[in-house]
Protein chains: 2
Amino acid sequence: MARVGLTTERLVLAGAELADEIGFANVTASALARRFDVAVASLYAHVKNFPELRTRIALLALAELADRATDALAGRSGKDALVALGNVYRDYAREHPGRYAAAHLTLDAEAAAASAGPQHARMTRALLRGYDIAEPDATHAVRLLGSVFHGYVTLEAEGGFSHSAPNSDESWAWTLDALDTLLRKWSTK
Amino acid sequence: MARVGLTTERLVLAGAELADEIGFANVTASALARRFDVAVASLYAHVKNFPELRTRIALLALAELADRATDALAGRSGKDALVALGNVYRDYAREHPGRYAAAHLTLDAEAAAASAGPQHARMTRALLRGYDIAEPDATHAVRLLGSVFHGYVTLEAEGGFSHSAPNSDESWAWTLDALDTLLRKWSTK
DNA sequence: CTATTCTGCCTATAGCTTTTAGGTTAGCGG
DNA sequence: CCGCTAACCTAAAAGCTATAGGCAGAATAG
């Protein structure tokens, strides 16, 4: 029988695409098998079990996000960097809703440590250097930025901002503006 | 055979409790049937199907949250009200993680309209009256507050803020402080 | 170029879940 | 006490995860 050439990587990537199409919660081993036109049991040669596949998709998403964030921050600082980083998360969530959801799968300790998660915190902290904020305010600010980015993006995805004027792009710009003034206010400069 | 006395309400309530114990995603019709020591098929006399049960749990959570928010806002204004409302969401999410997750289930249009969702937006808007912010800034601010509250609470639940000093309570207080100064700055007063 | 080994994918199977169809019986209204 | 409603049942179909073991295509050794 024609071999399809499955590998763990291809499975994870296909799972990520499937997540974007039908939602991360609906990514099932059988759906994945159907997509490769392969028996479900064949997948188990490449992934230990289904939860493992899900965390691998999460790790992929976190890594892709970290790549984009690294690019976006290169050569920028201050509000420029703030806007760029915020847009990385928002754009990624809109282009790849399933992957974005996967990125917020709760990982066990080892997986979390091996993931690009800590890198995200470091990048946000790096962004704050442009505002010159001392500890412990810097940590608080990292958490605030993470909360706003994640909260805005998920509420937007739920459709929370689409039912009334003004449109979401305006609120997003306003929000980034507000964060910038807030951070400048806390600056020790 | 001894009748247990199932009703839709009891099922939904038990589902909500189950969600808090094992996670909203793990609330299954069979788990619910086991909890009542009843055959699974018996549930279908009280709920049309499983998705309906999930949305009913979501509606319950949204209503409970709205109740708490109403109480919290009564007689308060300004930063006092801001802190009270924020704490409603954070405390609810920590006491009832499964219900909180349920509250962010994406509902179809009719269910969403019939839910307490819009009420939450109205309450946040009411809170802003203490800051006297004109449109369209008020709408932007409603969305910002929603984003911060939801984002902070979910990142905290994921364990994102528990791995390093300062502890989460301090960041939360700092965040509410920051929001207050931000809103006062935008005040037209 | 053949023989052997490895392994990618298979079928079969078991246990769990959701959902439908239809039967039985408890317990109330008359 | 009779009968009706509805609460709960068993049976069964269909889909999902996971394990075990088999076959044949591909890589490798000689």
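Keep in mind that what you see is a predicted model, and the values were worked out from it rather than measured. The chains referred to below are lettered A, B, ... by the order of the sequence lines, with proteins before strands, and numbering in each begins at 1.
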Please tabulate, for the side chains in residues 104-115 of chain A, all donor-acceptor contacts under 3.5 angstrom to protein atoms that are two or more places apart in sequence or on a different chain.
from   : atom 1 : to     : atom 2 : distance (Å)
A:H104 : NE2    : A:H150 : ND1    : 3.3
A:S115 : OG     : A:A112 : O      : 2.7
A:S115 : OG     : A:G117 : N      : 3.0

If I take atom CG in residue A:D37 and atom P in nucleotide C:dG8, what distance separates them, rounded to the nearest angstrom?
19 Å
Rounded to whole angstroms, how far apart are CG on B:L6 and C1' on D:dT5?
17 Å
Presence of A:S42 side-chain N/O under 4.0 Å of C:dG8 phosphate oxygens OP1/OP2:
no
With sequence neighbours excluded, tell me which residues meet ring-ring contact (aromatic ring centres under 6.0 Å, His included) with B:F50.
none
Rounded to whole Å, please give me the gap between CZ in A:R54 and P in D:dA18.
11 Å
Nucleotide N/O of nucleotides 17-21 of chain C paired with protein N/O under 3.5 Å:
from   : atom 1 : to    : atom 2 : distance (Å)
C:dT17 : OP1    : B:R34 : NH2    : 3.4
C:dT17 : O5'    : B:S30 : OG     : 3.2
C:dT17 : O3'    : B:T28 : OG1    : 3.4
C:dT18 : OP1    : B:T28 : OG1    : 3.2
C:dT18 : OP1    : B:A29 : N      : 3.0
C:dT18 : OP2    : B:T28 : OG1    : 3.2
C:dT18 : OP2    : B:A29 : N      : 3.3
C:dT18 : OP2    : B:S30 : N      : 3.0
C:dT18 : OP2    : B:S30 : OG     : 2.8
C:dT19 : OP2    : B:Y44 : OH     : 3.0
C:dT19 : OP2    : B:F50 : N      : 2.7

Grab the CD-P distance between A:E52 and D:dT17 for me, whole Å please.
14 Å
Applying side chain to side chain contact (heavy atoms under 4.5 Å, CB included), name anything that partners A:A121, two or more places apart in sequence or on another chain.
none
Atom-to-atom span, CZ of A:F36 to P of C:dG8 - whole angstrom:
14 Å
Ring centroid separation for A:Y92 and A:H96, is it under 6.0 angstrom?
yes
What salt bridge (charged side-chain N to carboxylate O under 4.0 Å, His left out) pairs are there with at least one residue in residues 159-169 of chain B, not counting sequence neighbours?
B:R90-B:D169, B:R94-B:D169
B:V88: which residues meet the side chain to side chain contact (heavy atoms under 4.5 Å, CB included) condition with it, sequence neighbours left out?
B:L65, B:R68, B:A69, B:A72
Crowded around A:N167 CG? As in, over 12 foreign heavy atoms under 6.0 Å?
yes
According to ring-ring contact (aromatic ring centres under 6.0 Å, His included), who are the partners of B:F161, at least two apart in sequence or on a separate chain?
B:Y152
Examine D:dA6: is either OP1 or OP2 under 4.0 Å from a nitrogen or oxygen in the side chain of B:H46? Give yes or no.
no
Determine all donor-acceptor pairs shorter than 3.5 Å in which one atom belongs to a side chain in residues 21-30 of chain B; sequence neighbours excluded.
from  : atom 1 : to    : atom 2 : distance (Å)
B:E21 : OE1    : B:R35 : NH2    : 2.6
B:E21 : OE2    : B:R35 : NH2    : 3.1
B:N26 : ND2    : B:I22 : O      : 2.6
B:T28 : OG1    : B:S30 : N      : 3.1
B:T28 : OG1    : B:S30 : OG     : 3.0

When you measure from every atom of DNA chain C, which of residues 10-25 of chain B have a heavy atom less than 4.0 Å away?
none
What integer distance in Å separates B:N26:CG from C:dC16:C1'?
14 Å
Round to the nearest Å and state the distance from A:L53 atom CG to D:dT17 atom P.
10 Å
